[in-house]
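Before any comments, here is the structure.
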Amino acid sequence: MIVLLKKKPNKDELTNLIDWFKGMGLNVHVSEGEERTLLGLIGDTSRIDIDLIKALDIVDTVKRIQEPFKNANRKFHPDDSIIEIGGTKIGGGNFQLIAGPCSIETEEQICTIAREVKQAGATMLRGGAFKPRTSPYSFQGLREEGIRLLLAAKRETGLPVVTELMDISQLKYFDDVDVIQVGARNSQNFELLRELGHCKKPILLKRGPANTVQELLMSAEYIMAGGNENVIVCERGIRTFETSTRNTLDLSAVPVLKELSHLPVVVDPSHATGVARLVGPMALAAVAAGADGVMVEVHNDPQHALCDGPQSITPAEFSMLTRKVMRVRGALAR
Ligand code: PEP
Ligand code: MN
């Protein structure tokens, strides 16, 4: 971090500031130019409140030259992270095609969809049991019963499963779940992220609809700082002024995330667009942008889905999509 001081800083204030930085365990490199004095802070500056320093009388500008996330930072971990998921892998060239309904509705529904998406080429099964709904009057998910049905589909098909956890009290139901999803709404629930840092299970962390890429990586950092390195980040659209789609898919977040971080990146074109016919094109675009996985909502009867029917594609449409995904991946490998 670099602190540029105003012209002719008060000597006592400067000494106090330097001592304060040193008290925080930082080395301070003072460079006195003709006109201005610059302080170079060396060490772990991640806990420094930049606004607090900027507000000081003697300070002109402050520039962070090191991102505040360390565990998730590619500078400290140049190779892609490869995360093990129930016998399979994601990251570092390992790609996952995750498909399934928004919500688990019945045993027959989840098992039928699981069989069909597997047949079509899915490598993981998704399905919500604890559902974060905007309205308290909407279907809230089958909760622990939903997890039980999802695990039945896992047993039947052998597909690893991903499902959302909304509160740490639900963790007791997740023993046989392969990946815990943290939804967009909980992306900055720091207490929850901290708790998930204590478990070893892979976490699929979605980007909050109003979060920057850096904020997403800071959320990943919460989990990783607690000791759980198995974090997959997921772009699922952000809120903008555009109304023709449910959210705006920020595809550039994929290469940006991959540049800044070594964590695997998944794209969810279903929640990003909210429109079934847009899911395919954006899934292919995500693959082309370098995503390590795509997560798509698939329902055998979208019109009667209890949640997110308009953005759900059918197993037949998913089957056509997987073939195109493979073609795009093949073209990228050439
Ligand atoms: C979901 O995946 O079903 C979901 C609720 O997604 P998001 O948190 O991205 O809205
Ligand atoms: Mn959904």
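Source: prediction; values computed, not measured. When a ligand or atom number is given, it counts from 1 through the structure's own listing order.
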Closest non-hydrogen protein atom to atom 5 (C) of ligand 1, residue and atom name please, with distance?
-> Glu164 OE1, 3.8 Å
Going by distance alone, is a donor N or O of one side chain under 3.5 Å from an acceptor N or O of the other, for Thr106 and Gln109?
-> no
Pairs satisfying ring-ring contact (aromatic ring centres under 6.0 Å, His included), at least one member in residues 135-174, at least two apart | none
Do Asn211 and Gln188 have side-chain N/O donor and acceptor atoms under 3.5 Å apart?
-> yes
With atom 8 (O) of ligand 1 as the reference point, say which of Ala184, Gly127, Ala272 has the nearest heavy atom.
-> Ala184
Any N/O of Lys131 closer than 3.5 Å to an N/O of ligand 1?
-> yes
Identify the closest protein heavy atom to atom 6 (O) of ligand 1: which residue and atom is it, and at what distance?
-> Lys206 NZ, 3.0 Å
May I ask you to identify the nearest protein heavy atom to atom 9 (O) of ligand 1, giving residue, atom name and distance to one decimal place in Å?
-> Arg236 NE, 2.6 Å
Cut-off 3.5 Å, side chains only: do His271 and Asp308 have a donor facing an acceptor?
-> yes
Look at Lys206 together with Asp268 and state whether they make a salt bridge at an N to O cut-off of under 4.0 Å.
-> yes
Does the salt bridge (charged side-chain N to carboxylate O under 4.0 Å, His left out) test come out yes or no for Glu215 and Arg207, once each step is laid out?
-> CA-CA 8 Å; Glu215 283 165 339; Arg207 178 180 182 178; over 6 Å; no
min-distance protein heavy atom vs atom 2 (O) of ligand 1 -> Arg126 NH1, 2.8 Å
Are Asp250 and Ser252 close enough that a side-chain donor and a side-chain acceptor fall under 3.5 Å?
-> yes
Quick check: does Asp308 get an N/O under 3.5 Å from an N/O on ligand 1?
-> no
May I ask you to decide whether Lys7 forms a salt bridge with Glu35, counting only side-chain N to carboxylate O separations under 4.0 Å?
-> yes
Considering only the protein, which heavy-atom contact is closest to atom 4 (C) of ligand 1, and what is its distance?
-> His271 NE2, 3.4 Å
Shell of protein N/O/S atoms around the Mn ion (ligand 2), taken as anything under 2.8 Å = Cys102 SG, His271 NE2, Glu297 OE2, Asp308 OD2
Could you tell me whether the side chains of Thr88 and Gln96 share a donor-acceptor contact shorter than 3.5 Å?
-> yes
